[in-house]
S.K.: 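Before I ask anything, here is the structure I am working with.
Heavy-atom basis, side chains included; hydrogens, waters and symmetry copies ignored. Every chain is numbered from 1, with letters handed out A, B, ... down the list of sequences.
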Amino acid sequence: MTREYTLDELDRLARNRFLLGLLGAPLVLTLLCGGVAFLALGGAAKLRALVSETERHRQTARECRFNLNSLRTAEQAYNAEYDEYVATGWAPAEPGRVGWDKAQSFGMPEGFAEVGWVPDGRVYGTYRVRLTETGFEAECRMDLDLDGEWAIFRATERARAERVTPDGVF
Amino acid sequence: MKTLRLTDDEITSWRRRWLVRGFVLGTLAFLPGVLLGVSAAWVFFAEFGPFAK
């Protein structure tokens, strides 16, 4: 398809494109140089590490829910046979001011041995069962990012494990 | 008034050609400016900065 163009029109078209290129070049180059500098300074790696760390924390925090449900089932089984629940102390360790980011060996602590439940392998969280008026409350605490703010999960004889603290706390 | 009869392809390549020219000139003008700015900052801090000898 063809069209008639006056010289003025062609001049205007050329000028518009030329200015666009002229002003766009610094913008594109700045973004490019910025991107290269960002990569050179390891920004991408840091960003990736940050994202994957959060994801790793989220994955690890699933341990609490999984283990608490399993512990709850064990307590209920014990209750069905002996008509009582068993209280335990904190295992593998008392939650202090700050947690730990390495998996700990759980061992065979007294209360847990009686109920007949220990987690499969090492654990990142610490567990306890407390007796209540109606039954028991099992709790898991975890401080993977070592900021002193513990992620808390709880399960009771009536309810399966639920996160008590906000979702972003690990 | 003088006019030219151009096809769509011709007018598209006309526009693109001028865009490329602008981009090239913009790049050529921009890079020396950046180099000059960086060198000037370097020299300034080397001479008068907190770690100047």
S.K.: Do B:L6 and A:L10 come close enough that some side-chain heavy atom pair is under 4.5 Å?
M.R.: yes
S.K.: Treating Ile, Leu, Val, Met, Phe, Trp and Tyr as nodes and any side-chain heavy-atom pair under 4.5 angstrom as an edge, say whether A:V115 and A:F153 lie in one connected cluster.
M.R.: no
S.K.: Please determine whether the number of non-hydrogen atoms from other residues, nucleotides or ligands lying under 6.0 Å from atom CD of A:E4 exceeds 12.
M.R.: yes
S.K.: Find the one option among A:L29, A:L19, A:L7 whose heavy-atom pairs under 4.5 Å with chain B are most numerous.
M.R.: A:L29
S.K.: Around atom CZ of A:F66, are there more than 12 heavy atoms of other residues, nucleotides or ligands at under 6.0 Å?
M.R.: no
S.K.: If you round to the nearest 0.5 Å, how far is CG of B:D9 from OG1 of A:T2?
M.R.: 11.5 Å
S.K.: Find the distance between CG (A:N16) and CG (B:L19) and round it off to the nearest 0.5 Å.
M.R.: 11.0 Å
S.K.: In terms of heavy-atom pairs under 4.5 Å with chain A, which of B:G33, B:G26, B:A29 leads?
M.R.: B:G26
S.K.: For the CH2 atom on A:W90, are there more than 12 heavy atoms of other groups (residues, nucleotides or ligands in this structure) within a distance under 6.0 Å?
M.R.: yes
S.K.: Would the number of heavy atoms belonging to other residues, nucleotides or ligands and lying under 6.0 Å from CZ of A:R62 be above 12?
M.R.: no
S.K.: Are A:L20 and B:W18 close enough that some pair of their side-chain heavy atoms sits under 4.5 Å apart?
M.R.: no
S.K.: Any non-hydrogen side-chain atom of B:T3 less than 4.5 Å from a side-chain atom of A:Y5?
M.R.: no
S.K.: Which pair of non-hydrogen atoms, one from A:P26 and one from B:F30, has the smallest distance, and what is that distance?
M.R.: CB-CD1, 3.6 Å
S.K.: Taking atom CZ of B:R15 and atom CZ of A:R17, what is their separation to the nearest 0.5 Å?
M.R.: 5.5 Å
S.K.: Are A:Y124 and A:F106 connected, step by step, through hydrophobic side chains (Ile, Leu, Val, Met, Phe, Trp, Tyr) whose heavy atoms are closer than 4.5 Å?
M.R.: no
S.K.: With a cut-off of 6.0 Å (strictly less than), are more than 12 heavy atoms of other residues, nucleotides or ligands near CG of B:D8?
M.R.: yes
S.K.: Does any heavy atom of chain A fall under 4.5 Å from the side chain of B:I11, the backbone, both, or neither of them?
M.R.: side chain
S.K.: Group every Ile, Leu, Val, Met, Phe, Trp and Tyr by side-chain heavy-atom contacts under 4.5 Å, then state whether A:W117 and A:Y85 land in the same group.
M.R.: yes
S.K.: A:L23 versus chain B, heavy atoms under 4.5 Å apart: side chain, backbone, both or neither?
M.R.: neither
